[in-house]
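To keep things clear, I will list the structure first and then write my remarks on it.
Along the sequence shown, the residues carry numbers beginning at 1.
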Amino acid sequence: MTTTEPERTGPGEPRPSPGARRAPGQGLTWSLRGRGPEDVPVLADPGPPLGRPAGPATGRGVRVCVVDSGVERDHPLIGPLAGSWVVVKDAESGEIAVEPTTTGDTCGHGTACAGIVRRTAPECEIHSVRVLGERFSGTGDVLMAGLRWAVEQGFDVINLSLSTTRTRFAQELHSLADSAYFARTVIVASAHNTPVESFPWRFASVISVGSHQEDDPELHLYNPDPPVEFFGPGQNVTVPWLGGRTIRTTGNSFATPYVAGLCARVLSAHPRMTAFQLKNALYLSAANVRHAPRPSTAAGDIRDDSEN
């Protein structure tokens with residue numbers, strides 16, 4: 001179900017529709033033969049200075065999809081969902097479909113992630129796609145179907161606190177992540193909690209997240225030695241859980257929705273930012289990134305700003 005939204009003219013209004021976002025590039029192939037700059041106009045948003053939006057940015061108008069175990073309905077720390085779906089696989093035919101559901105969460109993991117998104121970007125729209133069953137179980141083909149469906153809907157941000165170690169899905173996941181990137185759907189993906197090869201967090205077209213142990217719950221860090229690019233608060237954090245309660249838990253899964261919420265906040269104030277602009281905003285606003293004046297590069301001016 002793809003929705004059409006009006007273009008935004010300022011903070012707090014809906015983002016441009018997915019079709020409108022893609023329109024400038026439709027029909028282009030590998031070159032601009034016979035075309036000039038006037039034929040491919042782009043209405044751009046330069047983004048916030050140093051990565052942080054000016055004024056209040058609450059996620060309003062931004063659609064965040066949590067692809068996980070579902071979300072408990074009307075949890076007091078989450079509130080109503082904008083939409084809820086489940087990926088179902090027919091036991092006999094093997095056919096997979098995405099259907100609306102009211103079944104909520106099967107194990108608590110998705111509720112925890114949605115709660116962190118809500119806490120970080122309180123006015124964003126939260127949608128849920130259930131791909132996990134009880135005991136955090138799931139299959140690669142169901143994950144692929146749920147993620148592909150979410151990308152096709154043109155959600156602004158997809159939180160994926162999941163990964164697969166099955167290499168047979170790697171190429172398809174890579175292609176899907178690239179498709180999302182070029183369509184301006186931002187996938188925020190959790191790194192595996194152990195040093196194993198898994199996907200899609202390792203792909204450069206997603207925003208990959210691990211956890212840090214700092215006490216500040218509003219702090220994220222940039223990793224100068226990727227593939228995981230950012231660290232968020234994910235150790236001993238309080239999260240919503242089943243039954244309307246909360247628990248304390250640890251894992252990269254719970255750092256990821258914090259970064260997804262940050263993305264929603266930035267996009268609510270700067271709706272035309274592209275995926276690579278948004279990643280740069282996270283980089284610039286990371287607590288460990290220092291902003292130093294650049295030395296002069298004028299012709300003939302070679303200057304050493306280091307102390308003597």
Report task. Could you tell me whether a side-chain N or O of D105 sits under 3.5 Å from a main-chain N or O of C107, the two making a donor and an acceptor? Result -> yes

Query raised in the report: Should the ring pair Y181 and F276 be called parallel, tilted or perpendicular, given that the plane angle runs from 0 to 90° and is split at 30 and 60?
Result: tilted

Query raised in the report: Are I187 and W149 grouped together when hydrophobic residues (ILVMFWY) are joined by side-chain heavy atoms under 4.5 angstrom apart?
Result: yes

**Report entry** Note, D74 side chain near P80 side chain (heavy atom, < 4.5 Å)
**Finding:** yes

**Report entry** C124 backbone acceptor or donor facing R118 side chain under 3.5 Å
**Finding:** yes

Report task. Please identify each residue that fulfils side-chain contact (heavy atoms from CB on, under 4.5 Å) with R245, with sequence neighbours left out. Result -> W241, I247

Query raised in the report: Which pair of heavy atoms, one from A189 and one from T256, lies closest together, and at what distance?
Result: C-CG2, 4.0 Å

Query raised in the report: Does CD in E95 sit with more than 12 non-hydrogen atoms of other residues, nucleotides or ligands closer than 6.0 Å?
Result: no

Query raised in the report: Has the side chain of N288 got a donor or acceptor atom that lies under 3.5 Å from a matching backbone atom of Y222?
Result: yes

Query raised in the report: Hey, does H212 have a side-chain heavy atom less than 4.5 Å from the side chain of P233?
Result: yes

Query - Short side-chain to backbone donor-acceptor contact, D178 and S175, under 3.5 Å - result: no

Query raised in the report: Is there side-chain contact between R272 and Q277, with at least one heavy-atom pair below 4.5 Å?
Result: no

Query raised in the report: Out of curiosity, does L160 fall in the hydrophobic cluster containing V142 (side-chain heavy atoms, cut-off under 4.5 Å, transitive links)?
Result: yes

Requested in this report: Side-chain contact test, heavy atoms from C-beta onward, threshold under 4.5 Å: evaluate it for L147 versus L173 and give yes or no.
Outcome: yes

Query raised in the report: Is there a donor-acceptor contact under 3.5 Å from the side chain of Y258 to the main chain of E218?
Result: yes

**Report entry** E38 atom CD: more than 12 heavy-atom contacts under 6.0 Å
**Finding:** yes

Requested in this report: Taking atom CD of E99 as the centre, report whether more than 12 heavy atoms of other residues, nucleotides or ligands fall under 6.0 Å from it.
Outcome: yes

Query raised in the report: Is there a donor-acceptor pair under 3.5 Å between the side chain of S268 and the backbone N or O of G59?
Result: yes

**Report entry** With E72, the side chain to side chain contact (heavy atoms under 4.5 Å, CB included) member among L81, L242, I78
**Finding:** L242

Query - In one Ile/Leu/Val/Met/Phe/Trp/Tyr side-chain cluster, 4.5 Å: F199, V206 - result: yes

Query raised in the report: Does atom CZ of R119 have more than 12 heavy-atom neighbours, drawn from other residues, nucleotides or ligands, at distances under 6.0 Å?
Result: yes

Query - Closest approach of L284 to G51 (non-hydrogen atoms, all atoms of both residues) - result: CB-N, 3.9 Å

Query raised in the report: Can you tell if the side chain of P46 reaches within under 4.5 Å of the side chain of H270, non-hydrogen atoms only?
Result: no

Query raised in the report: Where do H109 and F254 land on the ring-ring contact (aromatic ring centres under 6.0 Å, His included) test, with the steps shown first?
Result: CA-CA 9 Å; H109 193 265; F254 311 112; 5.5 Å; yes

Query raised in the report: Which heavy atom of A260 sits nearest a heavy atom of N159, and at what distance?
Result: CB-OD1, 3.5 Å

Query raised in the report: Using a side-chain heavy atom cutoff under 4.5 Å and only I, L, V, M, F, W and Y, what cluster partners does V86 have?
Result: V88

Query raised in the report: So do the side chains of D45 and P271 get within less than 4.5 Å of each other, counting heavy atoms only?
Result: yes

Report task. Can you measure from CD (E197) to OG1 (T164) and round to the nearest 0.5 angstrom? Result -> 11.5 Å

Query raised in the report: Taking all non-hydrogen atoms of both residues, which atom of S198 and which atom of T165 are closest, and how far apart?
Result: CB-CG2, 4.0 Å

Report task. For L162 and P200, work out which heavy atoms get closest and say how close. Result -> O-CD, 4.2 Å

Report task. Before giving the answer on side-chain contact (heavy atoms from CB on, under 4.5 Å), spell out for D68 and S128 the whole-Å C-alpha distance, their side-chain angles and the decisive distance to 0.1 Å. Result -> CA-CA 7 Å; D68 211 287; S128 169; over 6 Å; no

Query raised in the report: Is the backbone N or O of A191 less than 3.5 Å from a side-chain atom of S208, with the two atoms forming a donor-acceptor pair by type?
Result: no

**Report entry** Shortest non-hydrogen separation from P240 to G115 and the atoms involved
**Finding:** CG-CA, 3.6 Å

Report summary line: Sequence neighbours excluded, the answer for side-chain hydrogen bond (donor to acceptor under 3.5 Å, both in side chains) partners of N223 is none

Requested in this report: Determine the interplanar angle of the W85 and H127 rings, folded into 0 to 90°, and report it as parallel if under 30°, tilted if 30 to 60°, perpendicular if over 60°.
Outcome: parallel

Query raised in the report: So which residues get pulled into F231's cluster when ILVMFWY side chains under 4.5 Å apart are joined, directly or through others?
Result: W201, L219, L221, V228

Query raised in the report: Taking side chain as C-beta onward, heavy atoms only, is V71 less than 4.5 Å from S84?
Result: no

Requested in this report: Please list, chain by chain and in numerical order, all residues satisfying side-chain contact (heavy atoms from CB on, under 4.5 Å) with R248, sequence neighbours excluded.
Outcome: N236, T238

Requested in this report: Supply the atom-to-atom distance Q153 CD to I158 CD1, rounded to the nearest 0.5 angstrom.
Outcome: 9.5 Å

**Report entry** Residue from S211, S163, S161 passing side chain to side chain contact (heavy atoms under 4.5 Å, CB included) with S253
**Finding:** S161

Requested in this report: Check the surroundings of atom CG in D216: do more than 12 heavy atoms from other residues, nucleotides or ligands lie under 6.0 Å from it?
Outcome: yes

Query raised in the report: Among V66, V259, T111, V239, whose side chain to side chain contact (heavy atoms under 4.5 Å, CB included) with I116 holds?
Result: V239

Query raised in the report: Are R130 and T106 close enough, and set up right, to give a side chain to side chain donor-acceptor pair (under 3.5 Å), and what steps lead you there?
Result: CA-CA 9 Å; R130 177 156 62 87; T106 59; 5.1 Å; no

Query raised in the report: Does the H220 side chain pair with the main chain of A255, one donor and one acceptor, at a distance under 3.5 Å?
Result: no

Query - Spatial distance of atom OG (S205) from atom NE2 (H174) [nearest 0.5 Å] - result: 5.0 Å

Requested in this report: Quick one: pull up CD1 in I96 and CG in D141 and give me the separation to the nearest 0.5 Å.
Outcome: 4.0 Å

Query raised in the report: Any side-chain heavy-atom pair from D156 and V186 closer than 4.5 angstrom?
Result: no

**Report entry** Sidechain-backbone polar pair: R52 side chain, S285 backbone, donor-acceptor under 3.5 Å
**Finding:** yes

Requested in this report: Name all residues meeting the side-chain hydrogen bond (donor to acceptor under 3.5 Å, both in side chains) criterion together with D225; count only those two or more places apart in sequence or in a different chain, and write none if there are none.
Outcome: none

